[in-house]
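Below: the structure, in structure tokens.
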Amino acid sequence: MGRHSISRQKEGGLEGGEDSDRCLLNRYPRKGERQRRSIMNPAIWHKVAGISGVAALGLGTYGAHVFKPKNPAYKEVWHTASLYHLVHTAALLAAPLTKHPNLFGGLMTAGIVLFSGTCYTVAFLEDRKYSHTAPIGGFAFIGAWATLLF
């Protein structure tokens with residue numbers, strides 16, 4: 001019995017030639033078929049989402065209960081950052097299910113860091129001069145969602 005004999009199956013039922021053998025642990029491509037390799041394991045995006053989710057909840061809680069800016073308009077900026085952070089973190093959980101998981105996950109993470117991170121910074125420092133990277137984060141969000149179309 002070989003190392004993969006338990007997980008070996010034939011495509012199309014019990015019949016088929018050697019070309020149709022598949023190992024569930026390691027997929028062997030057929031002749032002429034290119035094996036698609038991912039540089040990074042798509043499941044890593046669940047861990048990134050977990051870290052982002054912890055940060056989103058912590059920052060949201062801080063904003064709701066502790067953050068008291070001199071100008072109340074910055075409380076709304078913090079709220080916007082927190083909302084976008086949490087919503088896009090939830091979307092990040094779906095990255096492994098997409099056709100291009102690393103592109104989707106990378107753009108979504110960049111959007112969270114650049115958009116929400118910028119909004120948190122602007123609100124915390126109460127200074128809009130740090131807001132120049134927020135639009136880049138917004139475009140990263142748009143790009144991430146657009147990857148679902150292709």
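The model shown is predicted, which means the values in this text are computed figures rather than measured ones.
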- Message: Looking at every non-hydrogen atom in both residues, tell me the closest pair between Trp45 and Asn102 and how far apart they are.
- Response: NE1-OD1, 3.0 Å

- Which pair of heavy atoms, one from Leu92 and one from Phe104, lies closest together, and at what distance? CA-CE2, 4.4 Å

- Item | Same apolar cluster: Phe115 and Met108, side chain cutoff 4.5 Å | yes

- Message: Taking side-chain contact (heavy atoms from CB on, under 4.5 Å) as the definition, give me every residue that meets it alongside His46, ordered by chain and number, with sequence neighbours left out.
- Response: Leu93, Pro96

- Task: Considering only Ile, Leu, Val, Met, Phe, Trp and Tyr, and joining two whenever side-chain heavy atoms are under 4.5 Å apart, list the other residues clustered with Leu83.
- Result: Val87

Please report, to 0.1 Å, the donor-acceptor pairs under 3.5 Å made by any side chain of residues 51-70, with sequence neighbours excluded.
residue : atom : partner : partner atom : Å
Ser52   : OG   : His85   : NE2          : 3.1
Ser52   : OG   : Thr89   : OG1          : 2.6
Thr61   : OG1  : Leu57   : O            : 2.7

Got a list of side-chain donor-acceptor pairs under 3.5 Å for residues 140-150, not counting sequence neighbours?
residue : atom : partner : partner atom : Å
Trp145  : NE1  : His88   : NE2          : 3.3
Thr147  : OG1  : Ala144  : O            : 2.6

- Message: Considering only residues two or more places apart or on different chains, which pairs with a residue in residues 73-84 satisfy side-chain hydrogen bond (donor to acceptor under 3.5 Å, both in side chains)?
- Response: none

- Message: Tell me whether Leu125 shares a hydrophobic cluster with Val113, the cluster being built from Ile, Leu, Val, Met, Phe, Trp, Tyr side chains joined at under 4.5 Å.
- Response: no

- Message: Suppose the criterion is side-chain hydrogen bond (donor to acceptor under 3.5 Å, both in side chains): which pairs have a residue in residues 121-143, not counting sequence neighbours?
- Response: Thr118-Thr133

- Item | Check: Gly106 main-chain N/O paired with Thr109 side-chain donor or acceptor under 3.5 Å | no

